[in-house]
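Comments concern the structure below.
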Amino acid sequence: MPYTVSGMRYSRLFTKTLTQIPKSVKSPSYRLLMQAGFLRPMSQGLFTMTPLGMLVMRNIKRIIHQEMQALGGQEVMAPVVNPRDLWIQSGRDALIEDDMVRFRDRSGRELVLAPTHEEAMVELVRQGLRSYRDLPVFLYQFQTKFRDEERSRCGTVRAREFVMKDAYSFHRTFADLNNFFPRVFAAYHRIFERCQVPVVPAQAGVGYMGGDRSYEFLMPSRCGDDYLVRCTQCDYAANEDVAVGVKDHIHEPPRAMETVELSGESSVNSSARTLGIPRGRVLKAMLFRSGEALVMAVVRGDHEVSEEKLASVAGRPIHGQATTEQLTAHELKGPWLSPLSVPETARANMIVVIDDGAADSSNFLSGTNQPGVVARNVNFGRDFGADMVSDIISVPEGAGCVHCANGTLERVRVMELGNIFRLGDFYTRAMNLQVREEGGRSVYPQMGSYGIGLGRLLAAIVDANRDDRGIIWPMEVAPFQVFLMSIGKSLSVRAMVDRIYEQLGHGVLLDDRHESISHKLKDADLLGIPLRVVVTRESVENGVLELALRNQASTYRVQEHELVDTIQSIVKEQQQYV
């Protein structure tokens, strides 16, 4: 059953509905959660959950608890503050820049506010494992994370502080991890089904998490900050960072390269417009930071670089584009950046990667690293080289699907609700977590990591279950099952309302305010409680009550003595899992 309090009178509820919401609030889910009184903003990206919000969050946690424990999960809680040494051991301290807050305590020890807890869990398992017989281990927690987001948006969708369910599995062999992975995948499907959130599972990049395989659970949403690429004909779906598609190539006999001086132009792109050359015939070079080194990505002008693919191909983390200062220090001119004539001082500390679509095409317009000078008919292999040739672009809209004959790829804006990572021995090896097997041989346990953002899931539930009047909570996550109200001020009506309130017991919000009928009905719709029971003068006279379901337009007339059984039957019917 959903978590509920014994019952609540609306007059005593800490937060009430709001009539005015700031115009800056554009997200429908954020607007409804704030207006109905489920959360309140404190600062940019920081929110307080109200008593109503906490009831919903407890129900979301209850669903996740059940699914994690069905997999043999054991609940733990690691500290929010971690020693920085753990992150240095794993190598991730160098991968995460401003998103992770670093600080010192009064003794000078270096600490971090953990944006995720892989390192902490490896340390916990190190202290708990006694032999290989203790494996597998599956631990999960509900814990606060902090990420110093540059742009928080859409309420709890991209907050700076948030609660996450994160789980970690440790296995003796890769085969054991590989067999466990689809079981978590199926459990995630059940969690989102029970919350009535439509998700699309998709391949994804591993980013700074490491490992070799990951999947995301994505919901189409205007508030999403990511894009799903999916085929119109087959089941192929992937995050845009790793999606692949059919590329069109420009095959022509190579022509002789020639330089053109255009002193009045400000960049390679403006030169192309002047010369009447389309973007697809321009060679675009972009420089990225990777620790102390630089990575130059070379793609067609009508394509965009996928930093996830670039990092995978280059075998090193990508920390965003190089700064103007870094370009200047290496005698490179940003608007005229090119793989042609790269100064030796810069090339010595640079990896050059060209997209295979550009490498397999001919006669591009390119910069020359000299302001006002471009080169025509530039060809890879003859006029410049690269350290690597691979697919490093984000698939453009309308590209052909590589998995079926007739499909094309479309991009859909999505919100990421959960992810699962097959990490292998990425962390256990880096942090030297070993177990000894029968023959005395030491091995590094194989590890998986599995996360769900509770704030995002809360917003997604509202996004997927609402109408123009307010929220429509699914039965399993609703703060209350019944909204009880009366029409009429007579003592007999009030007495009957109080009697029904006691009969129903748990999960009832009694609207005992001295407000108009229209105001109460409007708030009932806004709050989104699944069932509404109305007591009227007719109810007193003949014992008939009005019962309405928030997700249906029709109402029902129920005898008082049948009300409890009727409600219990509806609650059970609307819950997929009991």
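When a residue number appears, it is its place in the shown sequence, counting from 1. Quantities reported herein were computed from a predicted structural model and do not represent experimental measurements.
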Contact list for residues 329-339, test side-chain hydrogen bond (donor to acceptor under 3.5 Å, both in side chains), sequence neighbours left out:
Ser338-Ser366
Excluding sequence neighbours, so at least two apart, what forms salt bridge (Lys or Arg N to Asp or Glu O under 4.0 Å) with Asp98?
none
For residues 80-117, which residue pairs qualify under ring pair (Phe, Tyr, Trp, His ring centres under 6.0 Å), counting only residues two or more places apart or in two chains?
none
Not counting sequence neighbours, which residues clear salt bridge (Lys or Arg N to Asp or Glu O under 4.0 Å) with Arg441? List them please.
Glu437
With sequence neighbours excluded, what pairs up with Arg316 under the side-chain contact (heavy atoms from CB on, under 4.5 Å) test?
Ser290, Ala293, Val295, Ala314, Ile351
Counterpart residues, disulfide (SG to SG under 2.5 Å), relative to Cys154 (two or more places apart)
Cys223
Sorted by chain and number, sequence neighbours left out, side-chain hydrogen bond (donor to acceptor under 3.5 Å, both in side chains) with Asn239 holds for Glu216, Asp226
Would you please name every residue forming a ring-ring contact (aromatic ring centres under 6.0 Å, His included) with Phe162, sequence neighbours left out?
none
Determine which pairs satisfy ring pair (Phe, Tyr, Trp, His ring centres under 6.0 Å) with at least one residue from residues 257-310, sequence neighbours left out, and list them in order.
none
Can we call the ring centroids of Tyr450 and Phe421 under 6.0 Å apart?
no
Would you mind listing every ring pair (Phe, Tyr, Trp, His ring centres under 6.0 Å) that reaches into residues 355-387, with sequence neighbours excluded?
Phe380-Phe384
Set of residues satisfying salt bridge (Lys or Arg N to Asp or Glu O under 4.0 Å) with respect to Asp235, sequence neighbours excluded
none
Ring pair (Phe, Tyr, Trp, His ring centres under 6.0 Å): which pairs involve residues 220-259, sequence neighbours left out?
Tyr236-His403, His249-His251
